[in-house]
Amino acid sequence: MTTSKTTPESSSASAEIDARIAALGDWRGETLARVRALIHQAVPEVVEEVKWRGTPVWSSGGIICTGETYKAYVKLTFAKGATLDDPAGLFNSSLEGNVRRAIDIPQDAVLDEAAFKALVQAAAALNSASTKKPKGG
């Protein structure tokens, strides 16, 4: 069973993400805050990090997804997205790659929250399955 741990690093990352959302001060900040909350609902033990010049990263047994903001959209890139089933068709970007997939959320877009949470849970489960060592030897 995985338990949630708060470390000084994760608290600092969460504070950085809070500051980034506040600094945006527009629909992009609202969207990033909304998807962040959905990620926490889907995987309560998720770890927040900030990498690559301030990019929010959510992990559980490995990276689930990153959250980047651009002028016209918020991009959520799933590290192993090409391996995940996406029955709701949320992935709409980076579709040509062999590993990653992304969801671009433009202003006023409606995100299927249940499907998004299921995708986040599937990504966490995939990470967990990938980190388990085979028994025996």
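The structure displayed is predicted, hence computed values, not measured ones.
- Put simply, CG on Leu119 and CG on Asp85 are 9.5 Å apart, with the number rounded to the nearest 0.5 Å.
- Donor-acceptor pairing under 3.5 Å is recorded for the side chains of Glu48 and Ser14.
- Closest approach of Gly67 to Thr55, counting heavy atoms only: O-CG2, 3.9 Å.
- Placement of Ile63 and Phe91 in two distinct hydrophobic clusters is found when ILVMFWY residues are connected by side-chain heavy-atom separations under 4.5 Å, directly or transitively.
- Membership of an apolar cluster is not assigned to Val99, as no side-chain contact below 4.5 Å to another ILVMFWY residue is traced.
- The list of ring-ring contact (aromatic ring centres under 6.0 Å, His included) pairs with a residue in residues 103-125, not counting sequence neighbours, is empty.
- Contact between Ala123 and Phe78 at its shortest, heavy atoms only, is CB-CD2, 4.1 Å.
- Every residue was checked against the side-chain hydrogen bond (donor to acceptor under 3.5 Å, both in side chains) condition with Glu30, not counting sequence neighbours, and none meets it.
- In this view, Glu49 and Lys51 satisfy the salt bridge (Lys or Arg N to Asp or Glu O under 4.0 Å) rule, not counting sequence neighbours.
- Every residue two or more places apart in sequence or in another chain that forms a salt bridge (Lys or Arg N to Asp or Glu O under 4.0 Å) with Arg28 is listed here: Asp26.
- The closest side-chain heavy-atom distance from Arg36 to Asp18 is below 4.5 Å.
- The shortest side-chain heavy-atom distance between Val50 and Val57 does not fall under the 4.5 Å cut-off.
- Contacts of Tyr73 classified as ring pair (Phe, Tyr, Trp, His ring centres under 6.0 Å), with partners at least two apart in sequence or in another chain: Tyr70.
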Quiz: residues 104-115 side-chain donor-acceptor pairs under 3.5 angstrom, not counting sequence neighbours:
| residue | atom | partner | partner atom | Å |
| --- | --- | --- | --- | --- |
| Asp104 | OD1 | Lys75 | NZ | 2.9 |
| Asp104 | OD2 | Ser93 | OG | 3.3 |
| Gln107 | OE1 | Trp27 | NE1 | 3.3 |
| Asp112 | OD1 | Ala114 | N | 3.3 |
| Asp112 | OD1 | Ala115 | N | 3.0 |

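- With sequence neighbours left out, Ala42 forms a side-chain contact (heavy atoms from CB on, under 4.5 Å) with Lys117, Val120, Gln121.
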Could you walk me through whether Leu24 and Thr69 pass the side chain to side chain contact (heavy atoms under 4.5 Å, CB included) test, one step at a time?
CA-CA 9 Å; Leu24 286 164; Thr69 53; 3.7 Å; yes
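- Among pairs with a residue in residues 94-103, none fulfils side-chain hydrogen bond (donor to acceptor under 3.5 Å, both in side chains), at least two apart in sequence or across chains.
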Going through the checks in order, is the side chain to side chain contact (heavy atoms under 4.5 Å, CB included) test met by Glu68 and Trp52?
CA-CA 10 Å; Glu68 300 167 80; Trp52 310 297; over 6 Å; no
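- Counting only heavy atoms from C-beta outward, the side chains of Thr66 and Leu76 never approach each other to under 4.5 Å.
- For Ala124, the side-chain contact (heavy atoms from CB on, under 4.5 Å) partners two or more places apart in sequence, or in a different chain, are Val43, Ser60, Ile64.
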